[in-house]
Chemist: 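Pasting in a structure now, in structure tokens, and then I'll have a few things to ask.
On a predicted model such as this, the values are computed, not experimentally measured, just so you know.
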Amino acid sequence: MTAYITYFRKSFKKNSAYRTTVWLQIVASLIQVGIQVAVWTALIGIGSVDGIDLDQMITYVILNAAMYAFILTSLYKDVDERLRSGDIAIDILRPARYPLLIMADSLGRAAYRMLFMVVPIVTVSSFLFGFSVPASFSAGTGFVIAIVLSILISYSIGYLIALLSFWFLTTFHFSWAIGALTTLFSGSFLPLWFFPEPWATVAKMLPFQFLGFVPAAAWMGQLTGSELAMTFVVGVLWSAVLLMSTQVLWNRATRQLVVQGG
Amino acid sequence: MNMSLFLHYARLRMKERMEYRAAFILGVFAQIVGYGATYFVLWLTLQKFETIGGWNWPEIALLYSLNVLTYAIGAAYTYTPMTELEQLVQKGTFDPVLIRPNNPFMTLTAQMFNVGYLAHILLSGGILVWSLSRLDADWTFGKAAFLMISVLSGACMHAALLTLIGSASLVIVRAEVLFRFNYSLQEFISYPVSIFGPAIQILLTTIVPLAFINFLPLALILNKDTGIIPREIAWLTPIVGPVLMWLAYRTFQVCTNRYQGAGG
């Protein structure tokens with residue numbers, strides 16, 4: 001256990017080395033929030049559409065910007081790089097479970113982003129555009145559960161992409177494909193409640209809704225009661241399926257691995 | 001450097017890529033799916049809301065396609081050399097480019113011409129043609145010619161931006177974040193610029209003149225509201241691109257002359 005905690009702390013520290021990147025990322029996120037607020041102002045304006053008004057959409061946009069910290073999908077880039085350089089051999093030799101080491105590493109980065117990117121982004125945007133606190137105590141609890149599911153699902157998706165590169169030696173195509181599915185079904189731009197049928201039904205059955213829509217909708221109290229419970233069941237099922245797939249693929253990948261160069 | 005040498009380089013580059021034909025085709029496919037998703041989200045949004053700032057689905061599709069298409073044309077020449085420049089400098093492989101009896105900018109853009117942008121061009125070009133067919137702008141020869149010149153000018157603007165960032169990497173070395181920043185800025189012109197506040201509208205026509213890439217020429221052709229920007233300014237579109245490209249090219253030259261090498 002201490003090994004993983006050390007990994008977590010090291011990752012946190014490693015991320016704090018790139019100060020300029022952090023500043024630019026914050027500015028880029030704020031621009032993103034500003035653009036989306038302008039788009040929703042143009043789309044909704046005064047009044048409301050399907051019971052959603054502009055202030056609620058602004059909260060939705062800011063929450064989705066905050067998701068930047070909790071979506072771990074990009075971890076495949078690190079694995080890909082270590083696979084190319086051959087460093088992966090050292091990782092596997094370590095007396096620790098590699099999947100958990102990556103998890104610790106990603107969580108370290110998530111914690112760093114949470115403190116030094118999300119907090120400033122949310123503070124500045126709520127000052128500029130306004131932001132609502134969770135709709136109720138249970139909405140807050142729902143948000144926390146949703147975030148845990150987001151972390152598990154995005155971790156296993158990222159890790160699956162990484163594992164596929166053990167066979168294909170590239171992540172380019174898979175990352176584009178997953179990126180496309182995320183853009184479409186996460187609801188991070190267009191919330192699922194505005195989706196026309198049958199796309200809404202499709203999106204509600206997929207895991208990608210946890211990478212944007214579900215945490216924000218739970219926070220805002222737009223997903224409650226049995227609907228929220230059903231969504232969580234979908235999320236838990238997906239987490240289980242994805243995590244098991246990573247386990248199966250990982251067992252095969254280690255036998256398959258050929259380290260090139262050196 | 002003359003045209004035939006440039007084409008020769010580009011042809012070699014194409015051959016090199018075609019060595020991995022399956023990977024190339026898969027790559028084209030993946031990128032089409034990737035951009036397709038963005039189009040799909042825009043389509044879903046307009047299914048629900050009908051217009052964004054007075055632009056309907058075919059018009060938004062045209063606006064977005066014009067940006068992707070011009071980016072693809074500009075980036076095919078400049079993206080790879082400008083993002084790799086940092087690496088070239090660090091490894092010391094930029095020096096051989098400088099001692100060739102050719103213009104370094106031309107050598108780089110020819111050597112690293114990226115055929116991979118085919119995917120962008122196929123998708124955005126296809127949707128652009130489709131959206132034009134769905135619009136009832138009474139087409140005249142003048143309008144069609146203006147649109148075509150706008151494509152070329154927009155490609156110059158995108159190439160100029162990438163060249164400016166690449167030049168920065170000769171001076172400040174770590175410029176990777178600037179490329180990502182450029183992507184964030186592109187987001188502004190995925191939507192009609194008139195939906196933003198006055199300050200942003202002015203910014204996008206002056207300091208960062210992205211509005212000339214798609215919004216202003218299309219607002220002129222489709223007779224759309226241009227917010228606080230006078231519509232007549234769109235007539236400048238054909239010269240903004242070439243002027244910016246010239247400035248970027250000069251900047252690149254100045255930075256190359258100042259280049260000292262970063263170890264060997």
Chemist: Using the ring of each side chain (for Trp, its six-membered ring), is Tyr39(B) parallel, tilted or perpendicular to Trp57(B), with breaks at 30° and 60°?
Modeler: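 Perpendicular: the ring planes of Tyr39(B) and Trp57(B) meet at over 60°.
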Chemist: Surrounding CH2 of Trp23(A) (heavy atoms of other residues, nucleotides or ligands, distance under 6.0 Å), is the total greater than 12?
Modeler: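 Result for CH2/Trp23(A): open.
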Chemist: Name the region of Phe181(B), side chain, backbone, both or neither, that has any atom closer than 4.5 Å to a heavy atom of chain A.
Modeler: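 Just the side chain, heavy atoms under 4.5 Å.
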Chemist: Verify whether one side chain among Thr231(A) and Glu227(A) offers a donor that lies under 3.5 Å from an acceptor in the other.
Modeler: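 No, no side-chain donor-acceptor contact under 3.5 Å.
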Chemist: Which residues in residues 178-194 of chain A have a heavy atom less than 4.5 Å from any heavy atom of chain B?
Modeler: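 The list, in residue order, reads Ala180(A), Thr183(A), Leu184(A), Phe189(A), Leu190(A), Phe194(A).
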Chemist: Could you tell me if the ring centre of Phe40(B) sits under 6.0 Å from that of Trp199(A)?
Modeler: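 Aromatic pair counts; centres sit under 6.0 Å.
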Chemist: By a 4.5 Å heavy-atom criterion (distance strictly below it), what part of Ser190(B) contacts chain A: side chain, backbone, both, or neither?
Modeler: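 Neither part; nothing is under 4.5 Å.
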Chemist: Which is it for Asn114(B) and Thr80(B) under the side chain to side chain donor-acceptor pair (under 3.5 Å) test, yes or no, and what are the steps along the way?
Modeler: CA-CA 7 Å; Asn114(B) 192 340; Thr80(B) 318; 3.2 Å; yes
Chemist: Any salt bridge linking Asp50(A) with Lys48(B)? Criterion: basic side-chain nitrogen under 4.0 Å from a carboxylate oxygen.
Modeler: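 A salt bridge is present here (some side-chain N lies under 4.0 Å from a carboxylate O).
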Chemist: Can you tell me which portion of Glu187(B) sits under 4.5 Å from chain A's heavy atoms? Options are side chain, backbone, both or neither.
Modeler: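 Both backbone and side chain of Glu187(B) come within 4.5 Å of chain A.
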Chemist: Would Tyr76(A) and Tyr159(A) count as a close aromatic pair, with their ring centres under 6.0 Å?
Modeler: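 No, too far apart.
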Chemist: If you tally heavy-atom pairs under 4.5 Å against chain A, which of Val33(B), Thr38(B), Ile200(B), Leu44(B) wins?
Modeler: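 Top count of heavy-atom pairs under 4.5 Å with chain A: Leu44(B).
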Chemist: CZ/Phe188(B) to CG/Leu210(B) distance, rounded to the nearest 0.5 angstrom?
Modeler: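 CG of Leu210(B) is found 8.5 Å from CZ of Phe188(B).
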Chemist: Is it the side chain or the backbone of Trp43(B) that comes within 4.5 Å of chain A heavy atoms, both, or neither?
Modeler: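 Side chain only.
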Chemist: Step by step, work out the ring-ring contact (aromatic ring centres under 6.0 Å, His included) result for Trp40(A) and Phe49(B).
Modeler: CA-CA 10 Å; Trp40(A) 287 108; Phe49(B) 294 93; 5.6 Å; yes
Chemist: Tell me, side chain or backbone of Val37(A) under 4.5 Å from chain B's heavy atoms, or both, or neither?
Modeler: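 It is neither, since no heavy atom gets under 4.5 Å.
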Chemist: So what's closer than 4.5 Å to chain A heavy atoms on Gln31(B): side chain, backbone, both or neither?
Modeler: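 Looking at Gln31(B), backbone and side chain both touch chain A.
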